[in-house]
Amino acid sequence: MKGIIKYSLSLVALLILSSCDKNEHYINEVVSSPADLMLDVAFNADGTAYDRTGTLNVASFTGSQVSAQYNSFYERYSARFNGTAGLGSTGSGYYRASYASNDAFKRGLADGFSFEVIFSPGVLANSTILSTYTESLEEGFGLELRKEGELMFTLATKDGGVTTGLSRQDTGHAIAVGGYYHVVGVWDHLNSLMKLYINGNQHQIKSDKAASLPTGSDLLLPTSKGRQWVGIGAMPLENANYAARTFNGEIVMAKIYNKVLKSNEIKQMFYTLVYTGASKPLSISEIAFRTPCKVAHGNRYHVYGKGFAEGDSLLFTP
(Lines give C-alpha, C1' and ligand atoms only; values in the text may rest on other atoms or scores of the structure.)
Protein backbone atom coordinates (compact mmCIF):
# COMPACT_ATOMS: atom_id res chain seq x y z
CA MET A 1 0.00 0.00 0.00
CA LYS A 2 1.21 3.50 -0.79
CA GLY A 3 0.76 6.59 1.35
CA ILE A 4 -2.82 7.78 1.43
CA ILE A 5 -2.85 9.60 4.77
CA LYS A 6 0.51 10.73 5.98
CA TYR A 7 0.74 8.48 9.03
CA SER A 8 3.53 5.87 8.89
CA LEU A 9 2.91 2.37 10.23
CA SER A 10 5.56 -0.15 11.33
CA LEU A 11 5.22 -3.96 11.50
CA VAL A 12 2.69 -3.51 14.26
CA ALA A 13 0.42 -0.72 13.06
CA LEU A 14 -0.03 2.14 15.45
CA LEU A 15 -2.05 5.12 14.35
CA ILE A 16 -2.18 7.85 16.98
CA LEU A 17 -4.85 10.49 16.70
CA SER A 18 -6.18 11.00 20.35
CA SER A 19 -8.16 9.02 22.91
CA CYS A 20 -11.65 7.82 22.04
CA ASP A 21 -13.22 8.77 25.36
CA LYS A 22 -12.91 12.51 24.80
CA ASN A 23 -12.93 15.08 22.00
CA GLU A 24 -15.16 12.74 20.03
CA HIS A 25 -16.38 13.78 16.58
CA TYR A 26 -18.21 12.10 13.76
CA ILE A 27 -16.52 11.93 10.37
CA ASN A 28 -18.59 13.84 7.83
CA GLU A 29 -19.94 11.88 4.91
CA VAL A 30 -18.35 13.60 1.91
CA VAL A 31 -19.05 11.33 -1.05
CA SER A 32 -22.20 12.18 -2.97
CA SER A 33 -24.96 9.61 -2.90
CA PRO A 34 -26.35 8.12 -6.14
CA ALA A 35 -29.48 10.23 -5.59
CA ASP A 36 -27.48 13.32 -6.49
CA LEU A 37 -26.53 11.94 -9.91
CA MET A 38 -28.51 13.05 -12.95
CA LEU A 39 -26.17 11.50 -15.51
CA ASP A 40 -23.54 8.80 -15.08
CA VAL A 41 -22.17 7.70 -18.45
CA ALA A 42 -20.65 4.22 -18.54
CA PHE A 43 -19.06 2.55 -21.56
CA ASN A 44 -19.63 -1.00 -22.74
CA ALA A 45 -17.02 -3.35 -24.18
CA ASP A 46 -18.48 -2.89 -27.67
CA GLY A 47 -18.01 0.91 -27.56
CA THR A 48 -21.62 1.82 -26.86
CA ALA A 49 -22.59 3.76 -23.75
CA TYR A 50 -25.47 4.07 -21.30
CA ASP A 51 -26.56 6.18 -18.35
CA ARG A 52 -26.23 4.27 -15.06
CA THR A 53 -28.92 6.46 -13.48
CA GLY A 54 -31.46 5.65 -16.18
CA THR A 55 -32.28 9.36 -16.53
CA LEU A 56 -31.21 9.91 -20.13
CA ASN A 57 -30.79 7.76 -23.19
CA VAL A 58 -27.20 7.79 -24.48
CA ALA A 59 -26.88 7.42 -28.25
CA SER A 60 -23.51 6.23 -29.58
CA PHE A 61 -22.23 7.92 -32.74
CA THR A 62 -18.99 6.00 -32.71
CA GLY A 63 -18.33 4.71 -36.22
CA SER A 64 -14.65 3.90 -36.55
CA GLN A 65 -13.72 6.96 -34.52
CA VAL A 66 -14.41 5.58 -31.03
CA SER A 67 -13.61 2.23 -29.46
CA ALA A 68 -13.79 0.83 -25.94
CA GLN A 69 -10.79 -0.23 -23.92
CA TYR A 70 -10.54 -1.64 -20.43
CA ASN A 71 -8.75 0.75 -18.09
CA SER A 72 -7.26 -1.53 -15.44
CA PHE A 73 -6.38 1.34 -13.11
CA TYR A 74 -9.91 2.73 -12.90
CA GLU A 75 -11.35 -0.79 -13.28
CA ARG A 76 -13.89 0.08 -15.97
CA TYR A 77 -14.25 0.38 -19.71
CA SER A 78 -13.39 3.77 -21.15
CA ALA A 79 -13.99 5.36 -24.54
CA ARG A 80 -10.96 5.89 -26.80
CA PHE A 81 -11.64 8.71 -29.27
CA ASN A 82 -9.23 8.32 -32.18
CA GLY A 83 -10.66 10.66 -34.80
CA THR A 84 -9.44 14.07 -35.88
CA ALA A 85 -9.70 16.49 -32.98
CA GLY A 86 -11.61 19.75 -33.35
CA LEU A 87 -13.71 18.93 -36.42
CA GLY A 88 -16.27 21.61 -37.27
CA SER A 89 -19.02 19.10 -38.08
CA THR A 90 -19.09 15.32 -37.96
CA GLY A 91 -21.58 12.50 -37.68
CA SER A 92 -19.33 10.12 -35.75
CA GLY A 93 -16.84 10.03 -32.93
CA TYR A 94 -18.97 11.10 -29.95
CA TYR A 95 -21.92 10.27 -27.67
CA ARG A 96 -25.21 12.14 -27.27
CA ALA A 97 -27.53 12.15 -24.24
CA SER A 98 -30.74 14.05 -25.04
CA TYR A 99 -32.60 15.90 -22.28
CA ALA A 100 -35.06 17.74 -24.56
CA SER A 101 -38.11 15.98 -23.08
CA ASN A 102 -36.78 15.69 -19.53
CA ASP A 103 -37.94 18.73 -17.56
CA ALA A 104 -36.66 17.27 -14.27
CA PHE A 105 -33.14 17.18 -15.71
CA LYS A 106 -33.43 20.80 -16.81
CA ARG A 107 -34.66 21.85 -13.38
CA GLY A 108 -31.78 19.97 -11.81
CA LEU A 109 -29.32 22.01 -13.86
CA ALA A 110 -31.16 25.29 -13.24
CA ASP A 111 -30.82 25.24 -9.44
CA GLY A 112 -27.08 24.54 -9.47
CA PHE A 113 -25.07 21.56 -10.69
CA SER A 114 -21.64 19.95 -10.85
CA PHE A 115 -20.03 17.79 -13.52
CA GLU A 116 -17.21 15.29 -13.06
CA VAL A 117 -14.99 13.81 -15.76
CA ILE A 118 -11.81 11.77 -16.00
CA PHE A 119 -9.99 12.11 -19.29
CA SER A 120 -6.60 11.80 -20.94
CA PRO A 121 -5.85 13.84 -24.10
CA GLY A 122 -4.36 12.13 -27.13
CA VAL A 123 -3.56 15.47 -28.77
CA LEU A 124 -3.83 19.08 -27.69
CA ALA A 125 -6.46 20.73 -29.89
CA ASN A 126 -9.54 22.91 -29.54
CA SER A 127 -11.93 20.11 -28.66
CA THR A 128 -14.81 19.29 -26.31
CA ILE A 129 -14.88 16.80 -23.45
CA LEU A 130 -18.40 17.31 -22.06
CA SER A 131 -20.89 19.90 -23.28
CA THR A 132 -24.44 21.18 -23.61
CA TYR A 133 -22.93 24.40 -24.98
CA THR A 134 -23.70 25.65 -28.48
CA GLU A 135 -21.13 28.20 -29.50
CA SER A 136 -23.08 29.90 -32.27
CA LEU A 137 -25.81 31.06 -29.87
CA GLU A 138 -23.81 31.08 -26.63
CA GLU A 139 -26.18 28.80 -24.74
CA GLY A 140 -25.53 26.03 -22.23
CA PHE A 141 -22.31 24.96 -20.53
CA GLY A 142 -19.31 22.85 -21.40
CA LEU A 143 -15.77 21.74 -20.67
CA GLU A 144 -13.29 22.28 -23.48
CA LEU A 145 -9.64 21.48 -24.05
CA ARG A 146 -7.64 24.15 -25.85
CA LYS A 147 -4.67 23.58 -28.11
CA GLU A 148 -2.43 25.43 -25.63
CA GLY A 149 -3.08 22.73 -23.02
CA GLU A 150 -5.70 24.80 -21.25
CA LEU A 151 -9.04 23.67 -19.83
CA MET A 152 -12.02 25.98 -20.17
CA PHE A 153 -15.33 25.74 -18.29
CA THR A 154 -17.88 27.78 -20.24
CA LEU A 155 -21.26 28.77 -18.77
CA ALA A 156 -24.04 30.87 -20.32
CA THR A 157 -26.25 32.67 -17.79
CA LYS A 158 -28.73 35.51 -17.65
CA ASP A 159 -29.99 37.96 -15.02
CA GLY A 160 -33.73 38.36 -14.65
CA GLY A 161 -34.27 36.96 -18.11
CA VAL A 162 -32.83 40.10 -19.71
CA THR A 163 -29.05 40.23 -19.87
CA THR A 164 -27.12 37.30 -21.22
CA GLY A 165 -23.61 36.78 -19.93
CA LEU A 166 -20.94 34.23 -20.84
CA SER A 167 -18.44 33.21 -18.18
CA ARG A 168 -15.29 31.25 -18.91
CA GLN A 169 -13.17 29.74 -16.18
CA ASP A 170 -9.79 29.08 -17.80
CA THR A 171 -6.90 27.22 -16.21
CA GLY A 172 -3.74 28.21 -18.04
CA HIS A 173 -1.42 25.58 -19.52
CA ALA A 174 -2.31 22.81 -17.07
CA ILE A 175 -2.91 19.80 -19.34
CA ALA A 176 -0.40 17.51 -21.08
CA VAL A 177 -0.84 14.68 -23.60
CA GLY A 178 -1.01 11.27 -21.95
CA GLY A 179 -1.80 12.50 -18.44
CA TYR A 180 -4.99 11.53 -16.65
CA TYR A 181 -7.04 14.34 -15.14
CA HIS A 182 -9.96 14.32 -12.73
CA VAL A 183 -11.92 17.50 -13.41
CA VAL A 184 -14.96 18.87 -11.61
CA GLY A 185 -16.88 21.98 -12.67
CA VAL A 186 -19.33 23.58 -10.25
CA TRP A 187 -22.03 26.17 -10.84
CA ASP A 188 -23.24 27.61 -7.55
CA HIS A 189 -26.63 29.05 -8.47
CA LEU A 190 -27.31 30.49 -5.00
CA ASN A 191 -24.11 32.55 -4.96
CA SER A 192 -23.80 33.02 -8.77
CA LEU A 193 -20.29 31.55 -8.92
CA MET A 194 -18.50 29.00 -11.09
CA LYS A 195 -15.50 26.96 -9.98
CA LEU A 196 -13.17 24.47 -11.61
CA TYR A 197 -11.16 21.72 -9.88
CA ILE A 198 -8.32 19.65 -11.32
CA ASN A 199 -7.14 16.54 -9.46
CA GLY A 200 -8.89 17.58 -6.27
CA ASN A 201 -7.64 21.16 -6.16
CA GLN A 202 -9.54 24.30 -7.05
CA HIS A 203 -7.81 25.94 -9.98
CA GLN A 204 -7.29 29.64 -10.26
CA ILE A 205 -8.62 31.63 -13.17
CA LYS A 206 -5.77 32.40 -15.51
CA SER A 207 -6.65 36.05 -16.07
CA ASP A 208 -6.85 37.41 -12.53
CA LYS A 209 -5.79 34.47 -10.30
CA ALA A 210 -9.17 34.42 -8.55
CA ALA A 211 -10.42 31.07 -7.28
CA SER A 212 -13.95 31.45 -8.63
CA LEU A 213 -15.74 33.53 -11.25
CA PRO A 214 -19.03 35.47 -10.92
CA THR A 215 -21.87 34.47 -13.22
CA GLY A 216 -25.42 35.54 -13.94
CA SER A 217 -28.18 34.31 -11.67
CA ASP A 218 -29.97 31.99 -14.13
CA LEU A 219 -28.66 29.27 -16.42
CA LEU A 220 -29.31 29.79 -20.11
CA LEU A 221 -29.90 26.41 -21.75
CA PRO A 222 -30.31 26.03 -25.52
CA THR A 223 -33.76 27.25 -26.52
CA SER A 224 -34.11 24.85 -29.44
CA LYS A 225 -34.93 21.27 -28.41
CA GLY A 226 -32.78 20.10 -31.29
CA ARG A 227 -29.75 21.37 -29.37
CA GLN A 228 -30.83 20.11 -25.95
CA TRP A 229 -28.43 17.23 -25.52
CA VAL A 230 -25.25 16.50 -23.60
CA GLY A 231 -22.30 15.77 -25.86
CA ILE A 232 -19.59 13.44 -24.56
CA GLY A 233 -16.53 14.00 -26.71
CA ALA A 234 -18.12 16.74 -28.82
CA MET A 235 -20.16 19.97 -28.81
CA PRO A 236 -23.88 19.81 -29.77
CA LEU A 237 -25.14 21.23 -33.05
CA GLU A 238 -28.72 21.96 -34.16
CA ASN A 239 -28.86 18.69 -36.10
CA ALA A 240 -28.90 15.93 -33.49
CA ASN A 241 -27.01 13.63 -35.86
CA TYR A 242 -23.98 15.91 -36.02
CA ALA A 243 -21.58 17.48 -33.54
CA ALA A 244 -18.58 19.78 -33.54
CA ARG A 245 -15.13 20.06 -31.92
CA THR A 246 -14.66 16.34 -31.45
CA PHE A 247 -12.18 15.07 -28.88
CA ASN A 248 -9.11 12.88 -29.40
CA GLY A 249 -8.04 10.88 -26.36
CA GLU A 250 -9.66 8.81 -23.63
CA ILE A 251 -12.70 9.58 -21.50
CA VAL A 252 -13.04 7.31 -18.49
CA MET A 253 -15.95 8.94 -16.69
CA ALA A 254 -18.61 11.59 -17.33
CA LYS A 255 -21.12 12.53 -14.63
CA ILE A 256 -23.50 15.39 -13.86
CA TYR A 257 -24.79 15.98 -10.33
CA ASN A 258 -27.90 17.83 -9.18
CA LYS A 259 -25.73 19.26 -6.43
CA VAL A 260 -23.20 22.01 -5.83
CA LEU A 261 -20.26 19.87 -4.74
CA LYS A 262 -18.06 21.23 -1.97
CA SER A 263 -14.27 21.35 -1.94
CA ASN A 264 -13.90 18.57 0.63
CA GLU A 265 -16.27 16.32 -1.33
CA ILE A 266 -14.30 16.86 -4.54
CA LYS A 267 -10.96 16.15 -2.89
CA GLN A 268 -12.35 12.94 -1.37
CA MET A 269 -13.75 11.89 -4.75
CA PHE A 270 -10.34 12.41 -6.35
CA TYR A 271 -8.40 10.45 -3.74
CA THR A 272 -10.94 7.62 -3.83
CA LEU A 273 -10.41 7.32 -7.58
CA VAL A 274 -6.63 7.64 -7.33
CA TYR A 275 -6.43 4.58 -5.12
CA THR A 276 -8.88 2.51 -7.11
CA GLY A 277 -5.90 1.10 -8.99
CA ALA A 278 -3.65 0.51 -5.99
CA SER A 279 -2.20 -2.99 -5.55
CA LYS A 280 -4.86 -5.30 -4.14
CA PRO A 281 -2.98 -8.34 -2.72
CA LEU A 282 -2.47 -7.84 1.03
CA SER A 283 -1.52 -10.20 3.82
CA ILE A 284 -2.61 -8.49 7.02
CA SER A 285 -3.74 -10.67 9.92
CA GLU A 286 -4.66 -10.47 13.58
CA ILE A 287 -6.07 -6.97 13.17
CA ALA A 288 -7.20 -5.48 16.45
CA PHE A 289 -8.73 -2.11 17.21
CA ARG A 290 -11.11 -0.57 19.68
CA THR A 291 -14.75 -0.39 18.60
CA PRO A 292 -17.03 1.48 18.63
CA CYS A 293 -14.85 4.52 18.30
CA LYS A 294 -15.47 7.85 16.60
CA VAL A 295 -12.32 8.61 14.63
CA ALA A 296 -11.50 12.22 13.81
CA HIS A 297 -8.51 14.41 13.18
CA GLY A 298 -6.88 15.25 16.51
CA ASN A 299 -8.05 12.07 18.23
CA ARG A 300 -5.80 9.16 19.20
CA TYR A 301 -6.73 5.73 17.89
CA HIS A 302 -4.71 2.47 17.89
CA VAL A 303 -4.77 -0.17 15.15
CA TYR A 304 -2.69 -3.36 15.49
CA GLY A 305 -2.01 -6.07 12.93
CA LYS A 306 0.61 -8.44 11.56
CA GLY A 307 1.89 -7.89 8.04
CA PHE A 308 2.18 -4.11 7.88
CA ALA A 309 5.38 -2.85 6.26
CA GLU A 310 7.47 0.26 6.67
CA GLY A 311 5.70 3.21 5.04
CA ASP A 312 2.22 1.62 5.00
CA SER A 313 -0.74 3.88 5.70
CA LEU A 314 -4.37 3.50 6.66
CA LEU A 315 -7.31 5.09 4.91
CA PHE A 316 -10.47 5.59 6.95
CA THR A 317 -13.71 5.80 4.97
CA PRO A 318 -17.28 6.31 6.21
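We use all heavy atoms of the structure for the numbers below, so side chains are in, but hydrogens, waters and symmetry mates are not.
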Rounded to the nearest 0.5 angstrom, the CG-CG distance for Leu109 and Asn258 is 8.0 Å

Mind checking the NZ-CD spacing from Lys158 to Glu139? Nearest 0.5 Å is all I need.
-> 9.5 Å

Geometric class of the Phe247/Phe119 ring pair [parallel <30°, tilted 30-60°, perpendicular >60°] = perpendicular

Would you give the length of the straight line joining atom CG of Asn57 to atom CG of Asp51, rounded to the nearest 0.5 angstrom?
-> 9.0 Å

Is Ile175 reachable from Val123 through a run of I, L, V, M, F, W or Y residues, each pair having side-chain heavy atoms under 4.5 Å apart?
-> no

Take the angle between the ring planes of Phe115 and Phe141 and call it parallel below 30°, perpendicular above 60°, tilted in between.
-> parallel

When you measure from the side chain of Glu144 to the backbone N and O of Asn126, does any donor-acceptor pair fall under 3.5 Å?
-> no

Separation of Phe61 CZ from Tyr242 OH (nearest 0.5 Å) = 10.0 Å

Linked, directly or transitively: Val177 and Val183 (ILVMFWY side chains, under 4.5 Å) | yes

Closest non-hydrogen contact found for Ala176 with Pro121 is O-CG, 3.3 Å

For Asn71, the option from Arg80, Glu250, Arg76 that meets side-chain hydrogen bond (donor to acceptor under 3.5 Å, both in side chains) = Glu250

Cluster link Ile198 to Leu124, ILVMFWY, side chain under 4.5 Å | yes

Where the side chain of Thr55 meets the backbone of Met38, is there a donor-acceptor pair that is under 3.5 Å apart?
-> yes

Full working for side-chain contact (heavy atoms from CB on, under 4.5 Å) between Arg107 and Asp103 | CA-CA 6 Å; Arg107 289 194 299 268; Asp103 291 336; 3.6 Å; yes

Test item: Asn199 side-chain N/O and His182 main-chain N/O as donor-acceptor pair under 3.5 Å = yes

Mind listing the closest non-hydrogen atom pair of Thr246 and Ser127 along with its distance?
-> O-CB, 3.1 Å

Any Val117 side-chain heavy atom under 4.5 Å of Leu143 side chain | yes

How close do Val184 and Ile266 get, heavy atom to heavy atom, and via which atoms?
-> CG1-CD1, 3.7 Å

Sub-3.5 Å donor-acceptor pair from the side chain of Asp40 to the main-chain atoms of Arg52, do we have one?
-> no

Which heavy-atom pair separates Ser131 from Ala234 by the least distance, and what is that distance?
-> CB-O, 4.0 Å

Do Ser263 and Tyr197 have a side chain donor and acceptor closer than 3.5 Å?
-> yes

Applying side-chain contact (heavy atoms from CB on, under 4.5 Å), run through Asn82 and Gln65 and close with a yes or a no.
-> CA-CA 5 Å; Asn82 51 30; Gln65 308 302 310; 4.1 Å; yes

Check: Ser192 main-chain N/O paired with Ser217 side-chain donor or acceptor under 3.5 Å | no

If you take all heavy atoms of Ala97 and Val58, which pair is closest and at what distance?
-> CB-CG2, 4.1 Å

Co-membership, hydrophobic cluster, residues Ile251 and Tyr181, 4.5 Å side-chain | yes

Would you call Lys195 and Trp187 a side-chain contact if the rule is heavy atoms closer than 4.5 Å?
-> no

Under 3.5 Å donor-acceptor, Thr157 side chain and Gly216 backbone = yes

Look only at the side chain of Ser120 and the backbone of Gly179, and say whether a donor-acceptor pair between them is shorter than 3.5 Å.
-> yes

Asn44 side chain vs Asp46 backbone, donor-acceptor pair below 3.5 Å | no

Would you check if the side chain of Lys106 reaches a backbone N or O of Ala100 as a donor-acceptor pair within less than 3.5 Å?
-> yes

Is a side-chain N or O of Thr62 found less than 3.5 angstrom from the main chain of Ser60, in a donor-acceptor match?
-> no

Nearest-0.5 Å distance that lies between atom CG in Asn201 and atom CG in Leu196 | 11.5 Å

What is the minimum heavy-atom distance between Val66 and Tyr94, and which atoms define it?
-> CG2-N, 4.0 Å

Please lay out, stage by stage, how Tyr99 and Leu221 fare under the test side-chain contact (heavy atoms from CB on, under 4.5 Å).
-> CA-CA 11 Å; Tyr99 59 90; Leu221 286 174; 3.9 Å; yes

Phe43 and ring-ring contact (aromatic ring centres under 6.0 Å, His included): which partner among Tyr95, Tyr74, Tyr50?
-> Tyr95

Verdict with reasoning, Leu155 to Leu219, per side-chain contact (heavy atoms from CB on, under 4.5 Å) = CA-CA 8 Å; Leu155 179 75; Leu219 178 65; 3.5 Å; yes

Hey, any chance Leu87 and Tyr133 share a hydrophobic cluster, counting ILVMFWY side chains that come within less than 4.5 Å of each other, even indirectly?
-> no

When rounded to the nearest 0.5 angstrom, what distance separates CD in Glu116 from CG in Leu39?
-> 11.5 Å

